[in-house]
Amino acid sequence: MDTIRTILEKKGHHIISVQPSVSILDAIRTLAGQGVGALLVMEESGKLVGIFTERDVLRQVAKNPETLTTTQVSEIMTRELIVGVPDDELDYVSNVMTENRFRHLPVLENGTVVGLISIGDVVKTLKRAKDYENHLLKDYISGSYPA
């Protein structure tokens with residue numbers, strides 16, 4: 001069974017983050033510049049304190065668009081995080097993300113952030129595994145499975 005570790009081995013452990021004191025506009029520029037949908041919010045010490053996503057931006061723009069330069073990320077980020085660990089199985093992760101309606105999952109190992117995965121990463125990896133399984137089953141049924 002594939003795990004978060006499977007994704008991180010392919011994707012890598014690169015983390016894009018901002019500090020809580022950064023303005024929303026600067027965080028938006030980081031999102032756009034990096035081509036990502038979420039940023040981990042980390043203190044200088046490396047402690048994870050939240051996540052800042054495109055949804056946070058939309059809510060703020062709809063509520064108070066003139067404050068993008070004066071409001072800090074810490075004021076609108078999501079603080080209550082659900083996190084994964086590298087050995088979490090992807091079926092479980094998919095269910096947790098779907099049930100809780102979020103698209104980005106910080107990954108921690110021994111209390112340290114080691115990555116960030118998206119629901120797209122999870123779905124792509126699960127699909128690849130199912131496609132491989134289907135191929136093997138078709139080969140077995142057709143008699144071309146190596147003996």
Side-chain angles (χ1 to χ4, degrees), residues 1-62 68 71-147:
M1 175 57 66
D2 285 321
T3 63
I4 289 176
R5 189 177 312 281
T6 306
I7 294 173
L8 293 178
E9 285 170 357
K10 289 185 185 339
K11 181 179 184 172
H13 297 270
H14 181 67
I15 298 162
I16 304 169
S17 65
V18 293
Q19 292 184 354
S21 60
V22 168
S23 74
I24 294 172
L25 184 59
D26 286 341
I28 290 169
R29 289 181 176 136
T30 302
L31 284 171
Q34 296 291 322
V36 296
L39 301 170
L40 294 181
V41 182
M42 301 176 75
E43 294 178 343
E44 281 187 51
S45 65
K47 179 183 176 194
L48 177 65
V49 294
I51 191 166
F52 177 78
T53 69
E54 295 164 324
R55 287 182 182 173
D56 296 322
V57 172
L58 290 174
R59 284 188 203 103
Q60 186 67 17
V61 168
L68 294 181
T71 303
Q72 294 181 348
V73 165
S74 63
E75 296 177 52
I76 69 165
M77 69 184 184
T78 301
R79 293 175 184 275
E80 300 297 320
L81 298 176
I82 296 173
V83 301
V85 297
D87 292 327
D88 282 341
E89 292 184 358
L90 295 186
D91 284 334
Y92 167 76
V93 171
S94 174
N95 288 332
V96 168
M97 293 176 84
T98 301
E99 289 298 317
N100 290 283
R101 299 175 48 88
F102 65 91
R103 297 179 295 165
H104 299 91
L105 181 73
V107 182
L108 277 68
E109 189 167 35
N110 300 319
T112 301
V113 177
V114 295
L116 178 69
I117 64 169
S118 71
I119 191 68
D121 298 326
V122 173
V123 169
K124 182 170 43 174
T125 304
L126 288 172
K127 181 184 179 310
R128 189 178 3 244
K130 297 293 183 207
D131 289 348
Y132 178 70
E133 182 180 354
N134 286 341
H135 180 76
L136 291 177
L137 289 171
K138 287 176 184 176
D139 284 353
Y140 179 75
I141 291 167
S142 70
S144 60
Y145 186 78

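Quick note: residue numbers are just sequence positions, from 1.
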Trace of the side-chain contact (heavy atoms from CB on, under 4.5 Å) decision for Arg103 with Ser118
CA-CA 5 Å; Arg103 297 179 295 165; Ser118 71; 5.8 Å; no
List the steps and the verdict of side-chain contact (heavy atoms from CB on, under 4.5 Å) for Ile4 and Leu90.
CA-CA 6 Å; Ile4 289 176; Leu90 295 186; 4.2 Å; yes
Apply side-chain contact (heavy atoms from CB on, under 4.5 Å) to the pair Met97 and Val122, showing each step before the final yes or no.
CA-CA 10 Å; Met97 293 176 84; Val122 173; 4.3 Å; yes
Test log, rule side-chain contact (heavy atoms from CB on, under 4.5 Å), inputs Leu68 and Gln60
CA-CA 8 Å; Leu68 294 181; Gln60 186 67 17; 4.1 Å; yes
So which heavy atom on Ile16 is nearest to which on Gln34, and how close?
CD1-OE1, 3.5 Å
Judged by atom type as modelled, is there a donor-acceptor pair below 3.5 Å linking the side chain of Thr3 to the main-chain atoms of Arg5?
yes
Where Ile7 and Thr125 come nearest, the two heavy atoms and their spacing
CG1-OG1, 3.4 Å
Write down the atom of Leu8, the atom of Gly115, and the distance for their closest heavy-atom approach.
CD2-CA, 4.1 Å
What I'd like to find out is whether the side chain of Val107 reaches to under 4.5 Å of the side chain of Val113, using heavy atoms alone.
no
Within the side chain of Asn100, is there an N or O that forms a donor-acceptor pair under 3.5 Å with the backbone of Val96?
yes
Check whether any side-chain N or O of Asp88 sits under 3.5 Å from a backbone N or O of Val85 as a donor-acceptor pair, and report yes or no.
yes
Sequence neighbours excluded and cut-off under 3.5 Å, please list the side-chain donor-acceptor pairs for residues 18-31, or say none.
from  : atom 1 : to    : atom 2 : distance (Å)
Ser23 : OG     : Asp26 : N      : 3.1
Ser23 : OG     : Asp26 : OD2    : 3.4
Asp26 : OD1    : Arg29 : NH1    : 3.4
Thr30 : OG1    : Asp26 : O      : 3.1

CG on Leu126 to CD on Glu89, rounded to 0.5 Å
10.5 Å
Which heavy atom of Leu116 sits nearest a heavy atom of Lys11, and at what distance?
O-NZ, 3.0 Å
